[in-house]
Student: 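Below you will find the structure I want to go over with you.
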Amino acid sequence: GENVEQHPSTLSVQEGDSAVIKCTYSDSASNYFPWYKQELGKRPQLIIDIRSNVGEKKDQRIAVTLNKTAKHFSLHITETQPEDSAVYFCAAVHSGTYKYIFGTGTRLKVLA
Amino acid sequence: SAVISQKPSRDICQRGTSLTIQCQVDSQVTMMFWYRQQPGQSLTLIATANQGSEATYESGFVIDKFPISRPNLTFSTLTVSNMSPEDSSIYLCSVEATGGAGGYTFGSGTRLTVV
């Protein structure tokens, strides 16, 4: 079955700096890759996603890149702010199943 | 996107008892998913619930321990049976986004503590 690895597990950056979180997946049939942000005590919230027919997608300060050949995708957050502090999860979705396999999560701390 | 009402939000239960968690969606959805999130951990899929058929369980999860109901397209329940302290976790339901958009929407979660 699908396996998703996520790195790093924790990440501390200074406010204004960029943060990058990387995920690799194992199943070449996965075709949808969402990213979720989970603040303490709250539900995961979708922040950006990318489909396998696209190499990059950007939404204001966040962007996601996908390398299908290497089976990895990354989340990029620029100009980080303290409110970006949270746990971020990547996921891979096998085409046709709608089952999300989540990465292990990255705890991001943005230091003011 | 769909709005999910999940309850209870939290509960403290005695070992050996059962707890039923409910999720109500404000629109009809084909599939509902139940996840477990142990403290400080990622989300692990327990089962997929389709209306009118038995739930499909992931490896490591069985129907006797986590029975699921899906009586219609807007509602589902997950029961955690014969609980032990190892079942202490957050349980979340989720549905696929409506209107062709991507991404799950999650319920607010049920924080279960078994003592």
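The sequence lines fix the lettering, A, B, ..., with proteins before strands; numbering per chain opens at 1. All of these numbers come straight from a predicted model, not from anything done at the bench.
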Student: In the structure I gave you, are the side-chain heavy atoms of B/L92 and A/P44 within less than 4.5 Å of one another anywhere?
Tutor: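 Result yes, sub-4.5 Å side-chain heavy-atom pair found.
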Student: Within a 6.0 Å radius of atom CD on A/E15, are there more than 12 heavy atoms belonging to other residues, nucleotides or ligands?
Tutor: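 Counting other residues, nucleotides and ligands, CD of A/E15 exceeds 12 neighbours.
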Student: Tell me, out of A/P34, A/G41, A/G103, who's got the most heavy-atom pairs with chain B below 4.5 Å.
Tutor: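 The candidate making the most pairs under 4.5 Å is A/G103.
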Student: Taking the six-membered ring for Trp and the full ring for Phe, Tyr or His, determine whether the centres of A/Y100 and B/F33 are under 6.0 Å apart.
Tutor: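 Judged by ring-centre distance (under 6.0 Å), A/Y100 and B/F33 do not meet the cut-off.
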Student: Side chain, backbone, both or neither: which part of B/E58 has a non-hydrogen atom closer than 4.5 Å to chain A?
Tutor: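 Only the side chain of B/E58 comes within 4.5 Å of chain A.
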Student: Return the CG to OG1 distance between B/L43 and A/T104, rounded to the nearest 0.5 Å.
Tutor: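 Here the rounded value is 11.5 Å.
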Student: Supply the atom-to-atom distance A/Q38 CD to B/Q37 CD, rounded to the nearest 0.5 angstrom.
Tutor: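 Reported to 0.5 Å precision, the distance equals 4.0 Å.
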Student: Return yes when atom NZ of A/K22 has more than 12 non-hydrogen atoms of other residues, nucleotides or ligands closer than 6.0 Å, and no otherwise.
Tutor: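 Not more than 12 within 6.0 Å, no.
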Student: Once you measure the plane-to-plane angle for A/F102 and B/Y104, does it fall in the parallel (<30°), tilted (30-60°) or perpendicular (>60°) bin?
Tutor: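 If you compare the ring of A/F102 with that of B/Y104, the planes turn out tilted.
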Student: Heavy-atom pairs under 4.5 Å with chain B are the metric here; pick the option from A/Q45, A/R43, A/K99 that has the most.
Tutor: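 Of the candidates given, the most pairs with chain B belong to A/R43.
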Student: Using non-hydrogen atoms and a 4.5 Å limit, figure out which bit of B/T48 sits close to chain A: side chain, backbone, both or neither.
Tutor: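 When you check distances to chain A, only side chain atoms of B/T48 fall under 4.5 Å.
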Student: Taking everything shown except A/E79 itself, do over 12 heavy atoms lie less than 6.0 Å from its CD?
Tutor: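 At most 12 heavy atoms, drawn from other residues, nucleotides or ligands, come within 6.0 Å of this atom.
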Student: Determine whether more than 12 heavy atoms belonging to other residues, nucleotides or ligands lie under 6.0 Å from atom CD of A/E83.
Tutor: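 Count over threshold, so yes.
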Student: Tell me if the CZ atom of A/R61 is crowded by more than 12 foreign heavy atoms within 6.0 Å.
Tutor: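 Result for CZ/A/R61: enclosed.
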Student: If you group Ile, Leu, Val, Met, Phe, Trp and Tyr by side-chain heavy-atom gaps below 4.5 Å, do A/L46 and B/I90 land in one group?
Tutor: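 Linked, A/L46 and B/I90 end up in one cluster.
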Student: Decide if atom CD1 of B/I63 counts as having more than 12 heavy atoms of other residues, nucleotides or ligands within a radius under 6.0 Å.
Tutor: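 Atom CD1 in B/I63 is crowded, with more than 12 foreign heavy atoms closer than 6.0 Å.
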